[in-house]
Amino acid sequence: MSVAVSTDPGRLGFDPARLARIDEHFAHYVDDGRLAGWQIVVTRRGEIAHSSTYGQRDREAGTPVESDTLWRIYSMTKPITSVAAMMLWEEGRFELNDPVSRWLPEFADVRVYDRGSALKPYTVPATEPIRIWHLLTHTSGLTYGFAQVSVVDGLYRAAGFDLGVPPGTDLAAASAGLARLPLLFQPGTSWNYGVSTDVLGRLVEVISGQSLAAFFTERILRPLGMTDTRWWVEPADAKRLAALYAPHPATGQAVRADKIGRAALAEPSWHSGGGGLVSTAADYHRFTQFLRRGGELDGVRLLGPRTLRFMTRNHLPGGRDLASFSPEGFSETVLDGIGFGLGFAVVLDPVPSRVPSSVGEYYWGGMASTAFWVDPVEEVTALLFTQLMPSSTYPLRSQLRQLVYSALLD
């Protein structure tokens, strides 16, 4: 499957010389050792205007980034899980206000952290059940252990929920274990990035009667032609997988992170709807075109266009943005003027964030600095793939926006 440039960028309103700045800029990250390599794809009206690779997928092995390189997309799995859930919603299988405990009884009597230390936390009963829309919008009170911001994060890590789950835990057991931990806040009262989409994945399993992996394959990946997207990389394809890196704390140079990176080479015990997939630029390009086209691609329709428009509106209570509706101390993805829909961040006003975009643009990214966005106004999509964690290390995403929008002249 190709992601080659399909037309003259000028015909799509891009200045080719300005598009060339993308490669010039991001090449510096590789040349000075901050990144090993990257892949970028930019489209307009469904046609590829810019597609490039640079550097190495595995610096130590000396293998270059190629068009079919496999990337850990981590949280770019979340929009796919959200699509899965909304496909079931379109079938009338649930309502967004339904309590999650209707299908996952372990969430019937959740408690909320109130005060105290990780050694002696004090909790209170939840005054509102976790509802399905809470999972889709990250307003459930669930968190991530690796965030290391709150006492609740520490409780997650102590229970084995850090970058993953306790060894040998499947998705059903993970859901049950998470339900025993206190919530960070009362459901619906704040926004916090966490394992909500993993619990949503378990909900998809119970409601559909299929494993999340089977649902993805049969209902989404195969119909959309995303044949290279998978939960782990088999030995035959291992050389295509990009190595994972992290910045050296003193020099900023990309240092191989094999302890975490090797996890993608073994079949997982659980299917993480929040971060478990490995994919290619060509596959995720098909997913973004499916989104851009309102839930249909190549004659295959998975969602209705009104459902997609509903998902990509701001669902935070009172029309709030992430900056005003997040716990104190959360900073990585909190931006002024950015709302959150059902599985996507949504641009409400690009001016406060100082990053060019369109009102209504929606997007997300992954822990290893991958990213995508869909701009319905300009009919632009963009993809960035690299493998550096954490994603907050460098402003790669905002810089790509600067370069893409400044190249658009019509």
Side-chain angles (χ1 to χ4, degrees), residues 1-32 34-57 64-69 71 73 76 242 279-293 297 345 347 350-351 353-366 368-388 391 393-410:
M1 202 175 297
S2 173
V3 282
V5 172
S6 59
T7 190
D8 172 14
R11 192 174 65 81
L12 299 174
F14 284 105
D15 181 330
R18 285 172 171 259
L19 279 178
R21 294 174 180 175
I22 294 172
D23 296 355
E24 294 168 8
H25 176 80
F26 284 98
H28 293 308
Y29 278 99
V30 175
D31 294 344
D32 65 16
R34 289 176 291 169
L35 296 177
W38 48 258
Q39 185 171 12
I40 294 171
V41 180
V42 180
T43 83
R44 196 176 198 203
R45 304 185 189 112
E47 297 192 73
I48 298 175
H50 181 87
S51 181
S52 57
T53 62
Y54 192 81
Q56 297 169 317
R57 67 178 184 269
V65 176
E66 297 177 310
S67 61
D68 68 345
T69 292
W71 308 93
I73 62 171
M76 280 166 57
S279 191
T280 61
D283 270 20
Y284 217 88
H285 164 66
R286 292 189 65 79
F287 184 67
T288 57
Q289 297 314 300
F290 150 79
L291 295 173
R292 183 191 66 83
R293 292 170 58 90
L297 183 66
V347 176
V351 173
S353 66
R354 309 294 187 263
V355 179
S357 54
S358 297
V359 174
E361 176 183 302
Y362 54 96
Y363 67 91
W364 204 239
S369 301
T370 58
F372 82 93
W373 80 76
V374 177
D375 182 340
V377 176
E378 299 288 0
E379 298 181 90
V380 166
T381 70
L383 295 166
L384 168 64
F385 294 94
T386 188
Q387 297 283 261
L388 184 81
S391 61
T393 305
Y394 304 117
L396 305 176
R397 297 163 180 172
S398 59
Q399 289 173 355
L400 182 59
R401 277 185 170 85
Q402 289 174 228
L403 293 160
V404 169
Y405 284 106
S406 64
L408 196 56
L409 301 185
D410 67 355

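In this text, all values refer to a predicted model and were calculated from it rather than measured experimentally. Starting from 1, each residue takes its place in the sequence as its number.
Residue Q39 holds its CD atom at 11.0 Å from CD of Q387, rounded to the nearest 0.5 Å. Atom OG1 in T69 sits 5.0 Å away from atom CZ in R57 (nearest 0.5 Å). Interatomic distance, L384 CG to T370 OG1, rounded to the nearest 0.5 Å: 7.5 Å. Note: L19 CG to E24 CD = 11.0 Å, rounded to the nearest 0.5 Å.
Inter-residue side-chain proximity for I73 and F385 is flagged as met; some heavy-atom pair is nearer than 4.5 Å. Put simply, the side chain of V359 does not reach to within 4.5 Å of the side chain of V377, judged on heavy atoms. The side-chain heavy atoms of T280 and H285, taken from C-beta on, include no pair separated by under 4.5 Å. By the 4.5 Å heavy-atom criterion applied to side chains, H25 and Q402 are not counted as neighbours. Between L35 and L396, the closest side-chain pair of non-hydrogen atoms falls below 4.5 Å.
When all heavy atoms of T386 and G37 are compared, the pair lying nearest together is OG1-O, 2.7 Å. Of all heavy-atom pairs between M76 and A371, the closest is SD-N, 3.5 Å. Closest of all the heavy-atom pairs between S51 and I48 is CB-CG2, 4.0 Å. For the residue pair V347 and S357, the shortest heavy atom distance occurs at CG1-OG, 3.6 Å. Heavy-atom minimum distance, T288 versus F372: CG2-CD1, 3.8 Å. Across all non-hydrogen atoms, the minimal contact from P395 to S398 is O-OG, 3.2 Å.
The aromatic rings of F26 and Y29 lie parallel to each other, their planes meeting at an angle below 30°, with 60° marking the opposite boundary.
A donor-acceptor contact shorter than 3.5 Å links the side chain of R18 to the backbone of S406. For the pair S391 (side chain) and A368 (backbone), a donor-acceptor distance under 3.5 Å is absent. S358 places no side-chain N or O within donor-acceptor distance of the main-chain N or O of D375, the cut-off being under 3.5 Å. Proximity of a side-chain donor or acceptor of R44 to a complementary backbone N or O of L12 within less than 3.5 Å is detected. With hydrogens and angles disregarded, no donor-acceptor distance shorter than 3.5 Å links the side chain of R45 to the backbone of E378.
Remark: F287 engages Y284, F290 in a ring-ring contact (aromatic ring centres under 6.0 Å, His included) (not counting sequence neighbours). Partners of H50 by side chain to side chain donor-acceptor pair (under 3.5 Å), not counting sequence neighbours, listed by chain and number: D23, S52.
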Item to check | Y54 vs D31, side chain to side chain contact (heavy atoms under 4.5 Å, CB included): CA-CA, chis, key distance, verdict | outcome: CA-CA 10 Å; Y54 192 81; D31 294 344; 2.7 Å; yes
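Within the structure, the salt bridge (Lys or Arg N to Asp or Glu O under 4.0 Å) test picks out the following pairs touching residues 354-364 (sequence neighbours left out): E361-R401.
Checking Q289 against R292 by side-chain atom types alone, a donor-acceptor pair falls below 3.5 Å.
With respect to L400, the side chain to side chain contact (heavy atoms under 4.5 Å, CB included) criterion is satisfied by exactly one of W38, Y405, W373: W373.
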